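As C-alpha cells, the structure follows; a few thoughts come after it.
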Amino acid sequence: MLKTKKVGLKDIAKNLNLSINTVSHALRDLSDISEETKEIVRKEALRVGYQAKGYTFKFSKIYTVALVFDSFHNPYFALMGQLIVDKIENEKFDLLVINTNEFKKVDEEIIKKCLYRKVDAIISFNELEEKAIELAKINNIYLQLIGRVSENQYVDSLYTDDIKGGEIATSYLINKNAKKLIYVYEKASEASKRRLIGFLNIVKKYNKEYKLVTIEEGLKSFPNLIKNENYDGIFFYNDRILLDALMYKKEYYELLKKIHVIGFDNDIKRLGFYYKFPSIDFDYDKISSKSIELLKDHLVYKKKQNAIKIKYDVYLNKMEN
C-alpha cells in the first residue's frame with residue numbers, strides 16, 4: 001500500500017509561488033502578511049489538506065485544552081464546566097479557560113489566542129464562526145461544541161434534544177390547564193431557537209394563544225402579561241432566565257407561583273435553591289464523560305474519524321411548589 005504524502009508548507013508555497021516564510025506567517029496570522037494573502041493561503045491549505053505538525057516533547061506530549069464559555073452567570077456553564085474541568089484534570093491535560101462576551105461566537109481572534117498558547121483542543125459552549133473553524137482546522141486544533149450543534153463536519157457536537165424538550169415543557173403547561181402561553185427566549189442562542197420549534201409544535205397543535213418574549217422584555221413585562229392579559233403559562237428557555245426573573249423583584253416569586261412555569265436544564269434544583277419549579281432535565285455526567293472520551297480519542301489515541309454529532313435525551317423533572 002502506498003503511503004499518502006503529507007502536505008507541507010513547501011508544497012503550498014510552490015503551488016502559490018510564494019516563499020515558505022510567507023506561507024508560514026500567513027497560516028499563523030502574523031501582522032506582516034496582508035489579509036488578502038492570508039485568505040489565499042488558507043484556502044489553498046484547506047484544499048490540499050494541510051495540517052500543522054503537533055508540538056513535540058522529549059518524553060511525552062502534554063496536551064493543552066481550552067474551555068470557552070461566555071458567562072459565569074449561567075449556572076449551566078458553571079455546572080457542566082466544572083464536571084468537564086474535573087475530568088480534564090484527572091487526565092492531566094493542561095487547561096486554559098477563556099471567557100468571552102455574552103453570546104459571542106468563537107471567532108478568529110479566539111483561535112489566534114489559542115494558537116499563541118499552543119492549544120491542542122477547544123471545548124466550547126459558544127457557537128463557532130466558520131472562519132474560526134477553518135483556522136483551527138488548518139492548525140490541527142480539535143474542536144468540540146457542548147450544548148449547541150454545528151453543521152460543520154470538522155466540529156464534534158454534544159447537545160440535548162431541544163425540540164423534544166420544548167415539546168415536553170409546553171405539553172406540561174397545557175396539561176396544567178394553562179390557556180395562554182409565553183416562551184421567554186434569547187434571540188442569539190441556537191439552542192433557544194430549537195426549543196422554540198418544540199414550543200410552536202405544541203401550541204399550534206392545540207391551537208393555544210401564545211406570545212414570544214425576549215429576555216430583555218420579559219423582566220419588565222411579566223406583571224402586565226399575567227395580571228392584565230391573563231397569560232397563565234410560561235416556558236423559560238433555561239433555568240438561568242427563570243432565576244433572573246425570580247430574583248429581579250421580590251414580588252415576582254409570588255406572582256410566578258400563581259401561574260404555571262417551567263424551565264430548562266434543571267439547574268435550580270442542582271444548585272439547591274429554595275425555589276421549586278419543574279424543568280427539563282438530562283444527564284450532565286453522561287455528556288461531560290463523552291466530551292473527555294472524544295478528547296482522548298483525538299489527542300491521545302489519534303483516531304481519525306468524521307465529526308460526531310450526539311443528541312442526548314431529555315425528560316421532565318416535576319419539582320413543584
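Only a predicted model underlies this, so the values are computations on that prediction, with no experimental measurement involved.
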Pairs touching residues 132-160 that satisfy ring-ring contact (aromatic ring centres under 6.0 Å, His included), sequence neighbours left out: Tyr142-His298

Nearest atoms (heavy-atom pairs only) where Leu246 meets Leu256: CD2-CD1, 3.8 Å

Residue list, ring pair (Phe, Tyr, Trp, His ring centres under 6.0 Å) with Phe282, at least two apart or on another chain: Tyr284

Heavy-atom pair with the smallest gap, counting every atom of Arg240 and Ser71: NH1-OG, 4.3 Å

Flag if over 12 foreign heavy atoms under 6.0 Å of CD, Glu251: yes

4.5 Å side-chain heavy-atom contact, Lys187 and Thr214: yes

Pair Lys112 + Asp107: basic N to acidic O under 4.0 Å: no

Residue pair Asp313 / Lys164, side-chain heavy-atom distance below 4.5 Å: yes

Non-hydrogen side-chain atoms of Tyr231 and Glu209 separated by less than 4.5 Å: yes

Aromatic ring proximity, centroids under 6.0 angstrom, Phe236 and Phe264: no

For Asn306 against Asp156, the heavy-atom pair lying closest together: O-OD1, 4.4 Å

Exam field: side chain Asn266 to backbone Asp281, donor-acceptor pair closer than 3.5 Å: no

Carboxylate-amine/guanidinium contact Glu190 Arg194, below 4.0 Å: yes

Pairwise side-chain contact, Phe222 with Val184, heavy-atom cut-off 4.5 Å (strictly under): yes

Short side-chain to backbone donor-acceptor contact, Asn238 and Ile241, under 3.5 Å: yes

Contact summary for Ile280 and Val314, nearest pair of heavy atoms: CG2-CB, 3.6 Å

Step-by-step side chain to side chain contact (heavy atoms under 4.5 Å, CB included) determination, Phe277 to Lys269: CA-CA 8 Å; Phe277 288 96; Lys269 179 181 178 181; over 6 Å; no

Within 6.0 Å of CD in Glu293, more than 12 heavy atoms from elsewhere: yes

Partners meeting ring pair (Phe, Tyr, Trp, His ring centres under 6.0 Å) with Tyr248 (sequence neighbours left out): Tyr252

Salt bridge Lys131-Glu134, side-chain N to carboxylate O under 4.0 Å: no

Note: Lys180-Asp232 ion pair, threshold 4.0 Å (strictly below): no

Ala13 to Val23 - nearest heavy-atom pair and separation: CA-CG2, 3.7 Å

Polar side-chain atom of Asp11 near backbone of Val7 as donor-acceptor pair, under 3.5 Å: no

Nearest heavy-atom neighbours spanning Glu216 and Glu186: OE2-OE1, 4.1 Å

Asp29/Arg42 ion pair, N-O < 4.0 Å: yes

Exam field: side chain Asp283 to backbone Lys286, donor-acceptor pair closer than 3.5 Å: yes

Path from Tyr116 to Val68 over hydrophobic side-chain contacts below 4.5 Å: no

Ring centers of Tyr237, Tyr185 separated by less than 6.0 Å: no

Electrostatic pair Glu91:Lys296 at N-O distance under 4.0 angstrom: yes

